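Reading through the structure tokens given below for one structure.
Just so we're clear, the structure is a prediction, and the values are computed from it rather than from any experiment.
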Amino acid sequence: MIKKVLVANRGEIAIRVMRACQELGIKTVAIYSDADREALHLRIADESIPIGAPPASESYLNIDRIVRTAKRVGADAIHPGYGFLAENPDFAQRCEEEGIIFVGPTSATLRLVGDKVAARGTMQKAGIPIIPGMTFVGKGIEDFRKATSSLGYPVLVKASLGGGGKGMRIVRNERDLKNAIAAGRREAKSAFGDESVYLERYIEEPHHIEFQVLADKFGNVIHLFERECSIQRRYQKIVEETPSPTLSGELRTRMGEVAKKAIKAAGYTNAGTVEFLLDRDKGFFFLEVNARVQVEHPITELTTGVDLVKQQLLIAAGEKLALRQEDISQRGHAIEARIYAEDPTQDFLPSPGKILYLQEPQGPGLRIDSGIYPGCEVTPYYDPILSKIIAWGETREFARRRLIQGLKNYAILGISTTVGFLIDLLEHPQFVEGQTYTNFISKNMGGWRPKGNALDQALMVAAILSSEAPTKPEIVAAQATSPWQELGEWEICGSGV
Amino acid sequence: MIKKVLVANRGEIAIRVMRACQELGIKTVAIYSDADREALHLRIADESIPIGAPPASESYLNIDRIVRTAKRVGADAIHPGYGFLAENPDFAQRCEEEGIIFVGPTSATLRLVGDKVAARGTMQKAGIPIIPGMTFVGKGIEDFRKATSSLGYPVLVKASLGGGGKGMRIVRNERDLKNAIAAGRREAKSAFGDESVYLERYIEEPHHIEFQVLADKFGNVIHLFERECSIQRRYQKIVEETPSPTLSGELRTRMGEVAKKAIKAAGYTNAGTVEFLLDRDKGFFFLEVNARVQVEHPITELTTGVDLVKQQLLIAAGEKLALRQEDISQRGHAIEARIYAEDPTQDFLPSPGKILYLQEPQGPGLRIDSGIYPGCEVTPYYDPILSKIIAWGETREFARRRLIQGLKNYAILGISTTVGFLIDLLEHPQFVEGQTYTNFISKNMGGWRPKGNALDQALMVAAILSSEAPTKPEIVAAQATSPWQELGEWEICGSGV
Amino acid sequence: MEYRFVCSGKTYRVNIVADKEESWQVAIGDGKPLRVELITSSSGCYSFLMDGEPITAYAVEGGGKVYIFVAGQSFAFELEKGRARGTSGREVARGSGNLVASPMPGSLVKLLVSRGDEVEEGQTLAIVEAMKMENELRSPIKGVVRRVNFAEGNQVDALQPIIELEAL
Amino acid sequence: MEYRFVCSGKTYRVNIVADKEESWQVAIGDGKPLRVELITSSSGCYSFLMDGEPITAYAVEGGGKVYIFVAGQSFAFELEKGRARGTSGREVARGSGNLVASPMPGSLVKLLVSRGDEVEEGQTLAIVEAMKMENELRSPIKGVVRRVNFAEGNQVDALQPIIELEAL
């Protein structure tokens, strides 16, 4: 079994991975950039190693430095989390060469599924339905223009090495095509180090449904049912749930089998996700394989009772899957809401800053995977995810109500977050009915502002606190940076010395 | 369906009940004594009504006032939680007379099962094994002396209306019998308003195993498997788990059937628990029916996926059980640890006071049912339970490790708690092996003190904070009682007014 | 007493009169006053009764603003300082309409105009990247570029004017 | 610098020397000094490296004590005030051996002795109930009851002498 894992990530997912390691009796090593010297994941790890300057390219994406660090501290495995190097085949290959276990699929598989264009070809050959579009990377603008003439507008610009919506642009007419491709290339280059993009037909109001799979190194593949991930802003998921309110039992079974077939076609091992688009006529298309643990993995854990991160570690260590398909069943319903440092009143603009106050909720059926603490600084360098709140309930409606109650007790002050927006989204009649599709937010939540009565209540509180505020010179909890700023009346105790 | 519930309780269980109500769309009413004006359950309820002076007899046990309050606010049901009036037949009867739904069994059933002596007789008649002992309430000392002559020492003094270990005394020789009975009677009188006590044979090193049942008003009874509740201090449970490491599948099935038989013999409805003692030879004896939601109900919820409090409300509202026995299965393992305001270095002496600092843990597989907040006052008037932390895992070992990690991140400062003790208990080799029995604590944890290395680390921290502490005149977070004591730099903002 | 709070560029008037200890009459704008009672306060968490309804609010102050979380929504308020005392950086950046700034700190990855260029309202002038997201800065007016204060690759602070325009 | 902390009636010596900024050498008793570095501190939560090992501690001060939570264990420390400054209430109640007090506030439900009674060591003198639990107060010595300060039914505070004894 693995003895020591270097977690090549930060934030909530680094902490999630470390917790799984602790439960398996594996030692953990945190790495951190100079911007993360005070980050929460350092408090969880058994040891913490600095690996470079704040920009990710100099720290969390610095393959050479991370691999050398792992060797130096004696880590026999690296868990990449999601994002950063999670799906980077060069990183996986380097680990393979250095004799370090990469907790994920092989570099060869990563290369195949990471190249969306190549993956589309492989799946097409295996008889799996794919979205109409280019099966090669576009070079000059003519390539793209030509593709649109057969596809018709709207089309989607997608990064060949893409993921998480980075580099993605929807184009509704010829005029915007060139700029969209240039912007997509720049974002792709910055996010993945490769600017290859291609075009796909844009499917209107689809459902985004993905299947969780586990595959060991002995050819055993199981799926753990689906996740409905249609609620997105900027092509990025923000609310996910399972089971999908859209799938019938028959369709669920069929898609699950196709997902396993796709995984086998790719020679994939470890935990992975097969993403599908489901159109209005319940036709489904292979979208891509996500070769990592997903942000939204907790909803699968809560409904199936399987710890996906522990399974990742066991599979990476070379163990045979102890679970068979018939062992896996869904119990109840789970919904996740992602809390980002973003301003939902300004088109989800990132909102870095200091968290001046934090009170996280708890209670039956709630799980919080958090990467923040009171007083921590949210820097502008990385993905603005702060934490995830996941509610489990016997039914969708019970899970939904629990999640709303949880969010109403999730006080984060000092920066803008998605908390208030998420509450109103979860209370929207269309969400209540299970009418989720990828443009739900633009269609139903456009121009969102907090409700007037909340503003009124807040104004009353502000007035009361203002009217009663005497002079007091410093900020509590918020800006305390050294012990003596926080320990009051200490001198009473210290005066005897 | 019920529209508005008055929750006749306080602390974590009042909050737990209110959350279930919220999820069912039921309005909630909190009641509070003068000592609880700032208690957490007031923040959760839709409305809060004061009901009297701090002593429970003048507030939470004041039947007349509580019933009148329910009528005045238009509550159509009362949920009693556990403790206080939960198993008081007079209270249930008063509710029945006033047309208020009592969330629990009928007053007649409460009267039967609440009288331990009568319940023993009923069960004996129904062919259910009971512990050898008195089947009548002892009057003079001679009654008790006579009983001991056939039972032999040690014997247990038990309150006929008892529960939660109140009024219970173990007596190992004739000399202590009289005092033990007198003390048991005083405690029984104070806790239950009735001083009847009787004697039972004291079974050495038994397992305390209870079965959760649900029974509707149409004669449908199901059980939701067992809880192993052997880890106790002062006859009160402190760590519970399910499944029990002691039961074989066959024994589990057999005891489950006996539990249902006992419930039917008592004509019991709503959620209840059948308690058994399991001796060293795997013989089991009916102990009593707990006619309430139990403190440890969350471990059953986490493993069966059934929300017991919601079921209580549905059954009380007259609905038919939607669950059949074959729908109920156990998934994974759950362990609960109770956090009390007690000093485990001083024989679990209650430790009231102010919670100066609070940081509760979160993460995968952890559930916290808490009744406290930073700055709240733990008064000496009521049961010293602060909160419960429950860990679920795929296996017992994973649940155990999660629970320990959770406790290690459960910072409560200002009063003594059981947190540190619980960690060491959960790490004890005998607990790891599942060797749990009711005198586990006295046998394995006697004279417990925090480990030396934790003390050393704390001393170093204390020295660092002392050496760096300049003068600063007030306490942060801890003793702030009004807004302006907490809002720093406010005058910068206010200076423009 | 009247307070004026600024939130997301809008000003709100609140009138407050102390009623008795830990109780106030508060009116928003010209609305009807409501009775507000403070039940408890502890570590930044406040429980009020507003017209009899229990409300839990969290509040903290930092950087001259007060942040309040209530009913799941959070707000940042500044007390209006009065016109005589000049305008804050944010007001300059947004209000005058001829300064283009990034609403957040980040890296200026693309500068699409130079001094003297004529620009249309809504035209993209520059792209700032932060948290791996590109954000386009668009022209608030039809005008001419008068000044460009940064070069591509520079780090920019929130609300720091990057491009200065003159209306046409 | 040497500090003396009192915890659960025991005194601990700690020697501390500031090393460099946010770094110290600390020794417990006559033990070997350890290097302790402060990594972060925020809202009462402190991250240290103790001899290279990461330690998270929570600390708060109240009522003249500092409370520290580390590795799941919590401690309450008082700085030793020196003999010249007299003893605290707790020390009187516990140390002198002739005063009997309840370690917690509660109600005096039973008083089993009167003035002048001779008592054995370990004999139950009174019963205090708090949080629905009866707690027996036993005699720390063989002696004679000199004073009884409360009657049955009275409320008593923590560490308030209920019975005063004289040793025999």
With rounding to the nearest 0.5 Å, note down the distance linking CD1 in C:Ile39 to OG in B:Ser48.
8.0 Å

Check whether more than 12 heavy atoms from other residues, nucleotides or ligands sit under 6.0 Å from atom CG of B:Asp64, and answer yes or no.
yes

When you look at CZ of C:Arg35, are more than 12 heavy atoms from neighbouring residues, nucleotides or ligands closer to it than 6.0 Å?
yes

Are B:Arg43 and C:Thr56 close enough that a side-chain donor and a side-chain acceptor fall under 3.5 Å?
no

Got a sec: does the NZ of B:Lys310 have more than 12 other heavy atoms crowding it under 6.0 Å?
yes

Pairs involving residues 29-38 of chain B, ordered by first then second residue, that meet salt bridge (Lys or Arg N to Asp or Glu O under 4.0 Å) (sequence neighbours left out):
B:Arg10-B:Asp36

For C:Ser43 and B:Pro374, the nearest pair of non-hydrogen atoms, with its separation, is OG-CB, 3.5 Å

Heavy-atom distance under 4.5 Å between the side chains of C:Ser42 and B:Tyr373, does that happen here?
yes

